[in-house]
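Position 1 is the first residue of the sequence; numbering continues from there.
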Amino acid sequence: SVVLTLDKLLLAIHIPSTKTFCFLIGIVQLVMALLVMIIRPWHSIASLDVLLIGLSSGIVWALSVITLIYGVRKLEVSRVIPIASIYPVFVSLMAAPLLSERFSTIQYSSILLTVLGAGLLARSGLQITDGHQKNADLRIYLVVLLGSILSAFAHVTYKYALVEIEFWNLFLLRSLC
C-alpha cells in the first residue's frame, strides 16, 4: 500500500508519463540484476523447459506491473489496491490444477468472499452519473484485474521454476525481463 501510494504521488507530481515511470522501474530492475550477478554468479543447472518457464515468469511479472501502474495512474489508489491484491486468489485457483494442490470447501468459500469483497469495492468506485465515465472506469478496473491474474501466473511459474533454479539465479533471470 505504501509503495503504491508513493507510486501515485510520483506519477501525479514528479513523473507524469507512465512510460517514463515504467522505464525507470526497468532501469532499477537491471541494476538489481547486475548486483545479483556480481554477488551471486549463475550456478543453477536447469532444463530448457524450466529456464523458459522462469523467463516467462519475469515477462508476465513485468506485464502485471505495467497494468498496475496504469491503474494507479488512472484511478484512486484505494480502488486499485483491493483489485490488485486479490492475486493470491488466482494463485490458489491456478495452483490447484498446475501444482496439484488441494483446497477444502472453506478455503474455496474464502476465495469467493475475497473476490466478492474486491468486486464490491470496485463497484462503489464506479461513477453512476455519467455512463461514459463509468464504462471508462470499468475498463481500467478490468485492466487492473488482468494485472492481478498476470501476477498470479507469474507467482505460480516462479514457484515451479524454483524446483530447478536457485532463488538468486531465478531472481536474476526475472529481473532481466
[X] (side chain) donor-acceptor with [Y] (main chain) under 3.5 angstrom:
X      : Y      : answer
Thr67  : Ser64  : yes
Glu164 : Ser47  : yes
Ser151 : Gly147 : no
Ser57  : Ile53  : no

At what distance, to the nearest 0.5 angstrom, does [atom1] of [X] lie from [atom2] of [Y]?
X      : Y      : atom1 : atom2 : result
Leu112 : Thr105 : CG    : OG1   : 12.5 Å
Ile149 : Leu142 : CD1   : CG    : 9.5 Å
Phe21  : Ile25  : CZ    : CD1   : 4.5 Å
Ile66  : Thr18  : CD1   : OG1   : 10.5 Å
Arg79  : Tyr141 : CZ    : OH    : 5.5 Å
Ile165 : Leu51  : CD1   : CG    : 4.5 Å

side-chain contact (heavy atoms from CB on, under 4.5 Å) between Cys177 and Trp61: does it pass, once the steps are laid out? CA-CA 8 Å; Cys177 295; Trp61 181 262; over 6 Å; no
Within 45° of the six-membered ring axis of Tyr158 and under 6.0 Å from that ring's centre, is NZ or CZ of Arg174 located there?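 The answer is yes; both the distance and angle limits are met.
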More than 12 heavy atoms from other groups under 6.0 Å of [atom1] on [X]:
X      : atom1 : value
Phe171 : CZ    : yes
Ile106 : CD1   : no
Phe153 : CZ    : no
Ile27  : CD1   : yes

Partner of His155 under ring pair (Phe, Tyr, Trp, His ring centres under 6.0 Å), chosen from Tyr160, Phe90, Tyr87: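 One option only clears the test, and that one is Tyr87.
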ILVMFWY network linking Leu113 to Phe103, side-chain heavy atoms under 4.5 angstrom: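 Not linked; separate clusters.
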Which atom pair, heavy atoms only, marks the closest approach of Ala161 to Leu170?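 Closest approach of Ala161 to Leu170: CB-CD2, 3.8 Å.
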